[in-house]
Each structure stands twice: as structure tokens, then as C-alpha cells.
Amino acid sequence: MVSRYVFPQPAAWTYELAMMAFAYLVFFGAVAGVRLGTHAAIDVLVAALPDGWQKAVAWFNYLLLALFFIVMTILFAWQAWTSRHVHTIALDLSRALSYAPLALASAGMLLQHLIAERPWSVRLHRNPESLI
């Protein structure tokens with residue numbers, strides 16, 4: 001805000017910095033969201049199913065999300081590797097600085113998912129009151 005309103009020309013690097021900070025905030029916040037189970041879950045249909053089907057859906061979701069986090073980790077790591085020699089315009093930073101932490105956060109989400117979600121037991125720390 002200072003560069004926009006005080007100086008005659010806004011700083012060009014603030015946009016790049018804001019984009020990187022936002023991506024870091026969202027992805028590392030998602031790691032905490034996976035750990036705490038604070039993502040919205042609409043389970044009315046699953047709750048209406050018999051217990052055996054509920055268990056099957058829980059295992060399917062567990063494996064599907066694990067696969068998704070693995071794919072995201074690989075894709076972001078590949079993107080970081082392929083863009084390591086490409087630099088941003090204003091800050092002249094490697095694009096790998098934008099993608100490598102996203103790969104790390106995706107791996108963190110995988111790890112937290114494998115630890116927190118257990119379809120073979122009841123999840124004890126999920127607190128619906130904390131979802132506000």
C-alpha cells in the first residue's frame with residue numbers, strides 16, 4: 001500500500017510476492033486443515049447407508065485422497081524441477097521457489113491424511129464446533 005499511495009509508481013514486485021505468499025498460505029493452511037479435519041464434509045448420503053457400505057466408502061475416500069496427494073506432490077515437484085531455470089520478472093527469483101513449497105505442502109497433506117484419517121477406527125479429534 002505504501003508503494004501504491006506514497007510513491008508515483010507502484011512497486012512491480014509486490015504482485016509476485018503477494019502471489020507466492022498467498023499460495024504458501026493456502027497450501028500450508030491446507031496441511032493444518034487435513035490434520036484437524038476442518039474441511040467441509042457432507043455425509044448425509046453416506047450416513048444413510050448400511051455400516052458395511054459406510055466402511056467401504058471410508059476406505060475408498062481414504063485411498064482416493066492418498067492417491068490425490070501423491071499425484072499433487074509429484075506434479076508440483078516436477079513443475080519445480082522443470083521451472084528451476086525460469087525466473088520471475090520483477091524479483092528475478094527462480095520459479096522453483098513458487099512450486100517446491102507446494103510440493104512440500106502436498107507431501108505434508110499426504111502425511112497428515114495418513115496419520116489423521118483412519119477408516120479402520122473412529123476419529124476422535126474431529127470437533128464440528130471448530131468448523132465455524
Side-chain angles (χ1 to χ4, degrees):
M1 285 182 13
V2 172
S3 72
R4 179 181 287 165
Y5 294 114
V6 174
F7 301 115
Q9 183 73 17
W13 55 269
T14 57
Y15 175 72
E16 288 178 6
L17 186 65
M19 278 186 24
M20 289 173 66
F22 182 72
Y24 289 6
L25 177 72
V26 167
F27 273 79
F28 284 102
V31 174
V34 170
R35 184 185 77 236
L36 299 174
T38 56
H39 194 278
I42 303 171
D43 58 354
V44 175
L45 179 62
V46 176
L49 296 174
D51 288 339
W53 281 95
Q54 288 181 18
K55 199 69 144 168
V57 169
W59 272 101
F60 177 74
N61 287 342
Y62 181 77
L63 296 173
L64 184 66
L65 282 173
L67 178 66
F68 175 74
F69 292 139
I70 290 169
V71 168
M72 292 298 292
T73 301
I74 292 169
L75 287 177
F76 279 129
W78 177 77
Q79 187 68 30
W81 179 255
T82 59
S83 66
R84 68 189 184 282
H85 297 300
V86 178
H87 291 265
T88 62
I89 295 170
L91 291 175
D92 195 34
L93 296 172
S94 172
R95 286 276 182 197
L97 290 175
S98 297
Y99 295 112
L102 303 182
L104 182 65
S106 295
M109 284 187 273
L110 172 64
L111 181 65
Q112 291 299 326
H113 172 69
L114 295 176
I115 292 170
E117 291 294 330
R118 296 179 182 150
W120 56 88
S121 66
V122 177
R123 186 172 183 163
L124 299 175
H125 68 277
R126 187 175 294 228
N127 184 3
E129 298 300 321
S130 69
L131 300 180
I132 296 176

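Applying the side chain to side chain contact (heavy atoms under 4.5 Å, CB included) rule to Phe28 yields the partners Tyr24, Pro101, Leu104, Ala105; only residues at least two apart in sequence or on another chain are considered. Shown here are the ring pair (Phe, Tyr, Trp, His ring centres under 6.0 Å) partners of Phe68, two or more places apart in sequence or in another chain: there are none.
In this structure, CE on Met19 lies 7.0 Å from OG on Ser98, to the nearest 0.5 angstrom. Tyr15 contributes atom OH, which lies 10.5 Å from atom CD1 of Ile89 (distance to the nearest 0.5 angstrom). Considering CZ of Arg95 and CZ of Arg84, their distance stands at 15.5 Å, rounded to 0.5 Å.
Here the side chains of His113 and Tyr62 are in contact, with some heavy-atom distance below 4.5 Å.
Linking ILVMFWY side-chain heavy atoms closer than 4.5 Å, directly or via other members, places Val71 and Leu111 in two distinct hydrophobic clusters. Clustering ILVMFWY residues whenever any of their side-chain heavy atoms sit less than 4.5 angstrom apart, transitively, puts Leu114 in the very cluster that holds Ile70. Taken together through direct or relayed side-chain contacts under 4.5 Å among Ile, Leu, Val, Met, Phe, Trp and Tyr, Val26 and Val31 form part of one hydrophobic cluster. Taking hydrophobic clusters as Ile, Leu, Val, Met, Phe, Trp and Tyr residues chained together by side-chain heavy-atom distances below 4.5 Å, Phe22 shares a cluster with Met109. In the hydrophobic clustering of this structure, Trp78 does not group with Leu102; members are Ile, Leu, Val, Met, Phe, Trp, Tyr whose side-chain heavy atoms approach within less than 4.5 Å, directly or through other members.
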Atom pairs and distances, side-chain donor-acceptor, residues 46-59, under 3.5 Å, sequence neighbours left out:
unit_1: Gln54; atom_1: NE2; unit_2: Val46; atom_2: O; d: 3.2
unit_1: Gln54; atom_1: NE2; unit_2: Ala47; atom_2: O; d: 3.0
unit_1: Gln54; atom_1: NE2; unit_2: Leu49; atom_2: O; d: 2.8
unit_1: Lys55; atom_1: NZ; unit_2: Pro119; atom_2: O; d: 2.7

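Residues Ala77 and Ala103 approach most closely at N-CB, 3.5 Å, considering heavy atoms. Pairing each heavy atom of Ser106 with each of Phe27, the nearest pair is OG-CE2, 4.1 Å. Taking both residues in full, the closest heavy atoms of Ala80 and Ala96 are given as O-CB, 3.4 Å, listed atom of the first, atom of the second, then distance.
Around the CD1 atom of Ile42, the shell of radius 6.0 Å holds no more than 12 heavy atoms that belong to other residues, nucleotides or ligands. Residue-environment remark: CD1 (Ile115) exceeds the threshold of 12 foreign heavy atoms within 6.0 Å.
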